[in-house]
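Beneath this line is the structure, given in structure tokens, with notes to follow.
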Amino acid sequence: MLYVVITFLWTSILLYLLLGGADFGAGIIELFTSKKNKAVTRRTLYSAIGPIWEANHMWLIIAIVILFVGFPVIYSTMSIYLHIPLTVMLMGIIARGTAFTFRHYDAVVDDMQSIYNTIFAISSFITPLFLGIIAGSAVSGHIDPEADTFLEAYIFSWLNWFSVAVGLFTTAICGFLASVYLIGEAENDTDRLRFAHKAQFFNIAAVLCGILVFTAAYFEKIPLLEWVFGNWVGRIAIIAATLSLIFMWYQLYQGKIRLLRPLAGFQVTMILLTTTFRHFPNIVILKNGYLSLMEHSGQEKTMQALGMALLLGSVFILPALFYLIYSFQNKPYQEQSGH
């Protein structure tokens with residue numbers, strides 16, 4: 001049952017990155033959109049994420065509950081030493097959701113709309129940035145449970161070049177996912193081409209940020225190259241991601257958009273697989289040790305109950321979620337927003 005729980009944990013993280021990441025990416029796209037195109041961009045992203053944006057955070061909640069119940073040592077360690085970036089990320093989620101709701105459903109259109117727009121766009125950038133910083137910090141080896149100063153324990157555990165580089169890479173990935181997803185939501189060829197250019201921009205940004213991640217890892221003596229290329233799974237995943245990226249852009253050049261979303265999702269899945277496989281089951285790498293999903297799990301009865309709850313819950317949650325997405329997939333913007 002332990003492996004069932006671990007599978008759900010990894011899957012929930014992946015789905016939050018694919019769905020919630022694209023959700024954040026829509027706001028990032030708006031942040032990098034010219035003033036004359038902001039209105040049509042907002043209309044398109046409302047159509048794409050408006051009906052289901054709240055459901056995306058379900059995957060983050062599931063991951064947190066799994067850690068809290070099944071791996072309390074890991075949960076408490078991350079909550080203590082990474083409480084600052086965690087707090088910033090959660091504040092970003094709250095600010096973003098609040099701004100989205102007010103600007104989308106507010107009955108009164110006034111000057112506050114510009115404030116809502118600014119909060120939405122900035123928090124859409126900040127949230128995945130700190131999500132990536134948390135992920136980078138977990139494997140950077142900077143967390144020091146024996147630190148005797150505030151800076152060493154609670155600041156330098158996450159404020160370092162590698163963690164920040166991972167945060168920027170995560171942000172670029174979110175922008176890339178959203179751009180690719182929105183190509184299929186565009187109402188005309190002009191908008192479709194504009195989102196394709198956004199996807200190319202964030203694709204290049206992701207590559208540059210990826211180089212920054214490897215550079216920071218080299219100078220901070222983090223064996224990232226060995227994690228990624230030191231095993232056959234990582235090498236195959238990187239090759240598959242690269243080939244799928246080439247095929248994705250070929251499909252877009254041919255005017256075929258049906259496979260763009262699955263291909264983009266596949267690339268991100270391969271990246272996550274590559275970066276997590278090598279040091280599994282060590283989910284948190286400390287300065288002088290590690291926290292393992294195998295060695296730091298809860299009691300056997302707890303894991304059995306948690307595993308059964310996850311299996312039973314998925315029977316009800318997943319069909320409902322797929323039906324929700326299907327129900328709104330082909331609805332026009334006017335019908336979805338009630339305008």
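For this chain, numbers begin at 1 and follow the sequence in order. Heavy atoms only: backbone and side chains are in, while hydrogens, waters and symmetry mates are out.
- Interatomic distance, CE of Met58 versus CD1 of Ile61, reported as 8.5 Å (0.5 Å rounding).
- The number of heavy-atom neighbours closer than 6.0 Å to CD of Gln299, taken from other residues, nucleotides and ligands shown, is 12 or below.
- You'll find the side chain of Ile246 stays beyond 4.5 Å of the side chain of Tyr250, heavy atoms only.
- Scanning both residues, Ile80 and His83, for their nearest heavy atoms gives O-ND1, 2.8 Å.
- If you chain together hydrophobic residues whose side chains sit under 4.5 Å apart, Val207 and Leu243 never meet in one group.
- Crowding of Met308 atom CE: a count of heavy atoms from other residues, nucleotides or ligands under 6.0 Å not exceeding 12.
- Using a 4.5 Å heavy-atom cutoff, the side chains of Ile62 and Leu15 are not in contact.
- Within 6.0 Å of the CZ atom in Phe316, the count of heavy atoms belonging to other residues, nucleotides or ligands does not exceed 12.
- A donor-acceptor contact shorter than 3.5 Å links the side chain of Ser179 to the backbone of Gly175.
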Let me check something: any side-chain donor-acceptor pairs from residues 209-223 under 3.5 Å, sequence neighbours excluded? List them with distances.
{"from": "Thr215", "atom 1": "OG1", "to": "Ile211", "atom 2": "O", "distance (Å)": "2.8"}
{"from": "Glu220", "atom 1": "OE1", "to": "His142", "atom 2": "NE2", "distance (Å)": "3.3"}
{"from": "Glu220", "atom 1": "OE2", "to": "Trp161", "atom 2": "N", "distance (Å)": "3.1"}
{"from": "Glu220", "atom 1": "OE2", "to": "Phe162", "atom 2": "N", "distance (Å)": "3.2"}

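- For the pair Phe8/Ser314, a side-chain contact is recorded, criterion being any heavy-atom separation below 4.5 Å from C-beta on.
- Taking the six-membered ring for Trp and thresholds of 30 and 60 degrees, His57 and Phe24 have ring planes inclined between 30 and 60 degrees apart.
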